[in-house]
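Worksheet: the structure to be examined is printed underneath.
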There are 2 protein chains.
Amino acid sequence: MAAKRSGARSKPLQPVQEPRSEPALSRERIVATAVELLDAQGLDGLTMRRLADRLGSGVMSLYWHVNNKEDVFDLALDSVLEYRGPPQIVESQDWRADVVHMLEDWRASMLRHPWSASLLPRRALGPNILSRLELLGKALSKAGVADTDLNVAIWSLWNYVMGATITRASFDLSDDDRAAAQQRLTSERYPTIERSRLLLDNDWDGAFRKGLDFLLDGLAPRE
Amino acid sequence: MAAKRSGARSKPLQPVQEPRSEPALSRERIVATAVELLDAQGLDGLTMRRLADRLGSGVMSLYWHVNNKEDVFDLALDSVLEYRGPPQIVESQDWRADVVHMLEDWRASMLRHPWSASLLPRRALGPNILSRLELLGKALSKAGVADTDLNVAIWSLWNYVMGATITRASFDLSDDDRAAAQQRLTSERYPTIERSRLLLDNDWDGAFRKGLDFLLDGLAPRE
DNA sequence: ACCTGAACACCGTTCAAGT
DNA sequence: ACCTGAACACCGTTCAAGT
């Protein structure tokens with residue numbers, strides 16, 4: 001199908017790596033394609049058969065590189081959570097800003113792949129996740145959180161970020177439904193949440209930030 | 001199979017409701033059995049075919065009472081979240097204690113059915129969930145949270161509770177894995193979370209409560 | 001009104017085999 | 001070392017039919 005490369009050297013020094021329409025299968029290619037598929041079709045859209053199709057291979061070929069479907073999920077998830085920190089870790093003095101930045105980045109990474117958030121708490125903690133937790137712990141420690149409170153602090157922030165991101169990623173899909181639901185509230189017996197316009201506020205980023213600030217106020221009061 | 005009822009009136013005033021070994025199918029029975037199945041086998045264990053088996057009916061009979069599998073999930077979920085508030089709603093003066101009680105009850109309800117937490121944020125908000133949100137909003141309002149902050153306050157608590165419960169429900173299943181994971185931390189490059197014994201602390205209830213207190217401190221500082 | 005079986009278009013994975 | 005097809009034991013749901 002694809003046109004032959006023009007101007008290729010006629011005397012190959014190394015085996016002519018004819019660019020086949022499909023490069024060789026590899027763990028990396030499988031994971032990358034799985035992420036594509038998940039982004040395009042969601043959690044239920046990932047199928048070993050469809051994955052093999054996209055890769056131009058037989059289904060069972062995947063199983064040479066990967067143990068099973070669970071494996072694919074774990075690998076895809078961790079691959080999406082790699083943390084590229086601030087280019088220079090100059091000796092920051094504002095630990096609180098560091099924490100906020102790290103958690104906003106974490107959330108943003110997951111929202112770029114809406115399937116990832118709901119997967120994360122259910123699966124093993126991959127290396128990229130542990131790195132993020134380590135950085136978070138370090139920042140909190142420097143912010144003055146005592147060692148005895150570190151555990152609670154880390155988990156509290158984890159809980160908040162996970163809950164916020166999973167909810168945001170799910171609700172995102174159905175803006176109309178949300179409006180309809182809010183409509184229903186009006187006529188029924190939920191005056192308080194109707195009044196708060198709970199389902200209508202679209203400033204997710206702002207709400208995330210505000211709630212995070214409240215939590216941080218509780219965890220490590222500003223001097 | 002079942003022994004005949006003894007002493008049944010011989011002159012039936014209404015059609016003899018012979019108790020068959022399997023009572024008639026109904027939406028209620030389907031939902032109740034779905035919850036049983038989910039409790040026993042987890043999210044992946046619920047299958048229309050298995051559900052029909054347990055009910056002693058053909059698979060397709062279910063579809064008379066229910067639109068599809070999604071429907072079963074939604075119904076099972078909301079059924080598990082019914083809130084039986086405090087027997088007497090005496091005019092409580094301690095709004096903060098009310099909020100804590102409501103959220104601990106919410107979490108406990110979900111942990112009784114470990115599949116429910118991870119399902120909740122992905123599905124529509126059923127009536128029982130809306131009721132809980134309404135009560136929460138009312139309590140926060142009385143606690144002095146301004147109307148403009150109500151939204152953020154409700155969602156922050158929602159996020160925290162959901163994140164905490166989903167995480168707890170998932171990690172619960174694999175105590176050994178957790179120990180193994182913590183072991184791995186030792187030899188590698190995660191000194192801070194290793195030190196915090198992040199994966200070893202088993203006081204989930206206490207951690208939940210402490211983190212919740214921190215968040216509430218931020219949301220509505222005690223006078 | 002309520003229930004049914006056959007059939008369709010899918011799944012993940014085992015296995016024995018090919019190169 | 002890497003890839004494959006056939007086969008197995010499943011899925012959810014449509015449809016046309018039974019009572």
Side-chain angles (χ1 to χ4, degrees), chain A residues 14-38 40-77 115 118-119 122-124, chain B residues 1-2 14-38 40-77 115 118-119 122-124:
Chain A
Q14 43 186 343
V16 210
Q17 188 70 353
E18 263 304 1
R20 321 249 314 83
S21 64
E22 303 295 348
L25 225 44
S26 72
R27 210 180 166 86
E28 288 72 34
R29 269 193 78 220
I30 292 177
V31 173
T33 308
V35 171
E36 277 176 38
L37 198 49
L38 284 163
Q41 319 257 27
L43 271 184
D44 293 338
L46 180 62
T47 274
M48 295 305 270
R49 282 166 152 95
R50 276 208 271 255
L51 186 51
D53 262 13
R54 279 216 182 197
L55 289 161
S57 77
V59 199
M60 294 317 299
S61 312
L62 304 177
Y63 286 81
W64 177 262
H65 304 271
V66 132
N67 287 325
N68 47 36
K69 197 184 176 182
E70 304 255 290
D71 230 25
V72 179
F73 274 126
D74 285 340
L75 293 168
L77 180 59
W115 47 273
S118 67
L119 211 51
R122 286 187 281 161
R123 323 246 18 131
Chain B
M1 295 284 189
Q14 43 187 343
V16 209
Q17 187 69 355
E18 264 303 1
R20 323 245 317 79
S21 66
E22 303 294 348
L25 225 44
S26 72
R27 212 180 165 84
E28 288 70 35
R29 268 192 79 220
I30 292 176
V31 173
T33 309
V35 170
E36 277 177 38
L37 198 48
L38 284 163
Q41 318 257 27
L43 271 184
D44 293 338
L46 179 61
T47 274
M48 295 305 270
R49 282 165 151 95
R50 276 207 272 254
L51 185 51
D53 262 13
R54 279 216 181 198
L55 289 160
S57 76
V59 199
M60 294 316 299
S61 311
L62 304 177
Y63 285 82
W64 176 262
H65 304 272
V66 132
N67 287 324
N68 47 36
K69 197 184 175 181
E70 304 256 290
D71 231 23
V72 179
F73 275 127
D74 285 340
L75 293 168
L77 180 60
W115 47 273
S118 68
L119 211 51
R122 286 188 280 161
R123 324 245 19 131

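Since this is a predicted model, take the numbers as computed values, not measurements. Chain letters run A, B, ... following the sequence lines, proteins first and then strands; every chain starts at 1.
A straight line from CG of B/Asp44 to C1' of D/dG12 spans 14 Å, rounded to a whole angstrom. One atom, CZ of B/Phe73, and another, P of D/dG12, lie 9 Å apart when rounded to the nearest Å. Note: NZ (B/Lys69) to C1' (D/dT14) measures 17 Å, nearest angstrom. Between the CG atom of B/Asp71 and the C1' atom of D/dG12 there is a distance of 14 Å, rounded to whole Å. Look at CZ on A/Arg49: it is 11 Å from C1' on D/dC10, rounded to the nearest Å. Distance B/Leu51 CG to D/dC10 P: 17 Å, rounded to the nearest Å. Atom-to-atom, OH of B/Tyr63 to P of D/dC11 comes out at 12 Å; the value is rounded to the nearest Å. Distance B/Asp53 CG to D/dC10 C1': 13 Å, rounded to the nearest Å.
A 4.5 Å side-chain heavy-atom check between A/Leu38 and A/Leu119 finds every atom pair outside the cut-off.
Between B/His65 and C/dA1 there is no side-chain polar atom (N or O) within less than 4.0 angstrom of OP1 or OP2. Using a 4.0 Å cut-off, no side-chain N or O of B/Ser61 falls inside it from OP1 or OP2 of C/dC2.
Closest heavy-atom contact between B/Met48 and B/Leu62: O-CD1, 3.4 Å. Of all heavy-atom pairs between A/Ser118 and A/Leu43, the closest is OG-CD1, 3.7 Å. For A/Phe73 against A/Leu46, the heavy-atom pair with the smallest separation is CE2-CD2, 3.7 Å. Closest non-hydrogen pair, A/Ser61 versus A/His65, comes out as O-CD2, 3.6 Å.
Pair check for D/dT19 finds C/dA1; Watson-Crick or G-U wobble, both atom distances under 3.5 Å. Base pairing of C/dA7: its partner is D/dT13, meeting the Watson-Crick or G-U wobble criterion (both donor-acceptor distances under 3.5 Å).
For B/Thr47, the listed nucleotide lying nearest its side chain is D/dG12; candidates were C/dC2, D/dG12, C/dT13. Of the candidate nucleotides C/dT13, D/dC2, C/dC3, D/dC2 has the atom nearest to the side chain of A/Trp64.
B/Met60 comes within 4.0 angstrom of a nucleotide base, judged by non-hydrogen atoms across all strands.
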